[in-house]
Peer 1: 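The structure's right below; bear with me while I get my questions together.
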Amino acid sequence: MKSPLLSLPGAVPAEGVDEGVAAHYGDLFREQRALADGTGFVDLSHRGVVTVSGEDRLGWLHLLLTQHVSELPAGQATEALILSAHGHIEHALYLVDDGGTVWAHVEPGTQEALIAYLESMKFFYKVEVADRTADVAVVHLPAGSITEAPEGTVVRETPHGRDLFLPRAELESFAAQAGPPAGILAYEALRVEQHRPRLGFETDHRTIPHELGWIDSAVHLQKGCYRGQETVARVQNLGKPPRRLVFLHLDGSEVHLPVPGTEIRLADDGADGRKVGFVTTSVRHHELGPVALALVKRNVPVDARLMAGDTAAAQETVVEP
C-alpha cells in the first residue's frame, strides 16, 4: 500500500519489505537526530493493522500469545509473539487494548497469515478479528515528542515513543502539523541502536525468543497454555539457545555496509575461517557510525574480534551466552 506521504518534498521510496513508505526525505542523519531529540514523526503506514474485539478477546488472546494479556489494562502497551509448535517465532504483535478492542500492528504483509491463524482458533469464543490495514495507518512519534494525537486516536505508548493508529484518511493532514518527517532508515537506525529485534530481519525459520532477547519483553514465563510453550520452558530451565544476538561496531573506513545475510567469521581464523553467524540488519548511525545487529553461535567468545564479510567488527553483548 503506497503512502500519500511519498509526495512530500525529498521523499525517496523504501525498497523490499518496507516498500510503500519513504526510506528518507533527503537527509538521513538529520532525520535520525530529530527523532533522537523527540521531534518529527515516522510514517509506518505500510505495516499491517489487526483488531480483535468482543467480550472474550483478552482471555482468548491469552491462550494464543506468549504474553500475559488476560488482564491487560486499557491503554497499556505490550508486545507478544505467536510461536510454532516447536517454539519458532512466526508472528510478532505490538498491542494495546482501548477498553473494547485490541489493536495490533504487525510486519508488512504478515497480517493475512496472522488473521488466518486467529480465525482458525476462534471456536466458540466471542471474538471478532478484522484486518484494518486499508483504513488505519500506523504513525510513530519518538520519545519526548510533544505532538498531540488527534482526538479519538488509539495510542500505543512505549519507552521508545508512541505508535498512533490513525485513520488513513487523516494521514496527510496529521503530517502537515506533526513536524519534520523522518524515513524508515532513520527509524531503523535507532532500532538497531536500541538492540530491538524485528521479525523477518533478526529472525529466520528456526529462531526462538531466547536468541533475540525477546524473552524479556514479549514472553511471560509464568504463563502456560500457548503453542510452543514447552520449548520456551525447556530452554529457559534446562539449556541455552543455540545462537545469540549481538551488536556490532563496524569498521568505518569501509564504503559499503555488509548486507543482511553476510557471513560472520572469527577474525583470528582468517578469510577461510568457519562461519559463526550472519548479519541481520546494518545501518549508518548519526553518532555511532556503521553498526549492525547479528546472530552468532552461542559459544563465540564475547571478546572475540569478528569479520562481517570483509569488514572488521567489534561486538557488544545483547544476549548473554
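Just so we're clear, the structure is a prediction, and the values are computed from it rather than from any experiment.
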Peer 1: Mind checking whether His88 and His205 have ring centres under 6.0 Å apart?
Peer 2: no

Peer 1: Under the 3.5 angstrom rule, does the side chain of Gln32 hit a backbone N or O of His286 as a donor-acceptor pair?
Peer 2: yes

Peer 1: Measure the CD-CZ distance between Glu148 and Arg162 for me, rounded to the nearest 0.5 Å.
Peer 2: 8.5 Å

Peer 1: With no hydrogens and no angle check, is any side-chain donor or acceptor of Asp18 less than 3.5 Å from a backbone partner on Ala14?
Peer 2: no

Peer 1: Can you check whether Gly161's main-chain N or O pairs, donor with acceptor, with Thr158's side chain at less than 3.5 Å?
Peer 2: yes

Peer 1: Nearest 0.5 Å, what's the CD-NE2 distance between Gln111 and His105?
Peer 2: 12.5 Å

Peer 1: Would you please test Arg227 and Glu90 for salt bridge (charged side-chain N to carboxylate O under 4.0 Å, His left out) and show each step?
Peer 2: CA-CA 11 Å; Arg227 191 173 66 178; Glu90 292 189 345; 2.8 Å; yes

Peer 1: Closer than 3.5 angstrom, by distance alone: can the side chain of Thr66 be matched with the main-chain N or O of Leu81 as a donor-acceptor pair?
Peer 2: yes

Peer 1: Heavy atoms only: give me the nearest Arg30-Pro180 pair and the separation to one decimal.
Peer 2: NH1-CB, 4.1 Å

Peer 1: Got Trp60 and Leu118 here, is their nearest side-chain heavy-atom distance under 4.5 Å?
Peer 2: yes

Peer 1: List for me each residue that meets side-chain contact (heavy atoms from CB on, under 4.5 Å) alongside Glu79, sequence neighbours excluded, and say none if there are none.
Peer 2: Tyr94, Arg156, Trp214, Ser217, Ala218

Peer 1: Below 4.0 angstrom, N of the basic side chain to O of the carboxylate: do Arg198 and Glu188 qualify?
Peer 2: yes

Peer 1: Take the angle between the ring planes of His140 and Tyr187 and call it parallel below 30°, perpendicular above 60°, tilted in between.
Peer 2: perpendicular

Peer 1: For residues Pro150 and Leu166, report the shortest heavy-atom separation together with the two atoms involved.
Peer 2: CG-CD1, 3.7 Å

Peer 1: Is Arg57 salt-bridged to Asp97, cutoff N-O under 4.0 Å?
Peer 2: yes

Peer 1: Begin from the C-alpha positions of Asp268 and Arg305 and carry the test salt bridge (charged side-chain N to carboxylate O under 4.0 Å, His left out) through to its verdict.
Peer 2: CA-CA 7 Å; Asp268 292 345; Arg305 296 181 302 116; 2.4 Å; yes

Peer 1: Tell me whether the count of non-hydrogen atoms from other residues, nucleotides or ligands lying under 6.0 Å of CD in Glu316 goes above 12.
Peer 2: yes

Peer 1: Looking at Glu107 and Arg47, is any side-chain nitrogen of the basic one under 4.0 Å from a carboxylate oxygen of the acidic one?
Peer 2: yes

Peer 1: Shortest non-hydrogen contact from Thr231 to His86?
Peer 2: OG1-O, 3.0 Å

Peer 1: Could you check whether any side-chain N or O of Glu31 sits under 3.5 Å from a backbone N or O of Tyr25, counting only pairs where one atom can act as donor and the other as acceptor?
Peer 2: yes

Peer 1: Nearest heavy-atom pair of Leu266 and Ala304: which atoms, and what distance?
Peer 2: CD2-CB, 3.8 Å

Peer 1: Within the supplied structure, the quantity of interest is the number of heavy atoms (other residues, nucleotides, ligands) at a distance under 6.0 Å from Gln194 CD; does it exceed 12?
Peer 2: yes

Peer 1: Judged by atom type as modelled, is there a donor-acceptor pair below 3.5 Å linking the side chain of Ser70 to the main-chain atoms of His62?
Peer 2: no

Peer 1: Could you check whether any side-chain N or O of Thr317 sits under 3.5 Å from a backbone N or O of Val319, counting only pairs where one atom can act as donor and the other as acceptor?
Peer 2: no

Peer 1: Taking all non-hydrogen atoms of both residues, which atom of Met121 and which atom of Leu64 are closest, and how far apart?
Peer 2: CE-CD2, 3.9 Å

Peer 1: For Asp98, which residues count as a salt bridge (Lys or Arg N to Asp or Glu O under 4.0 Å) partner, sequence neighbours excluded?
Peer 2: none

Peer 1: Take a 6.0 Å sphere around NZ of Lys275 and say whether it holds more than 12 heavy atoms from other residues, nucleotides or ligands.
Peer 2: yes

Peer 1: Evaluate the side-chain proximity of Phe278 to Thr262: yes if any heavy-atom separation is below 4.5 Å, no if none is.
Peer 2: no

Peer 1: Fit a plane to each ring of Phe247 and His195, take the angle between them on a 0 to 90° scale, and name the class: parallel (under 30°), tilted (30 to 60°) or perpendicular (over 60°).
Peer 2: tilted

Peer 1: For the side chain of Glu170 and the backbone of Pro167, is there at least one donor-acceptor N/O pair under 3.5 Å apart?
Peer 2: no

Peer 1: Give, for atom CG of Leu257 and atom OG1 of Thr311, the distance between the pair rounded to the nearest 0.5 Å.
Peer 2: 8.0 Å

Peer 1: Please find the pair of heavy atoms, one from Thr281 and one from Arg191, that lie closest to each other, and give the distance.
Peer 2: OG1-NH2, 3.2 Å

Peer 1: Is a salt bridge present between Arg33 and Glu287, judged by a nitrogen-to-oxygen distance below 4.0 Å?
Peer 2: no

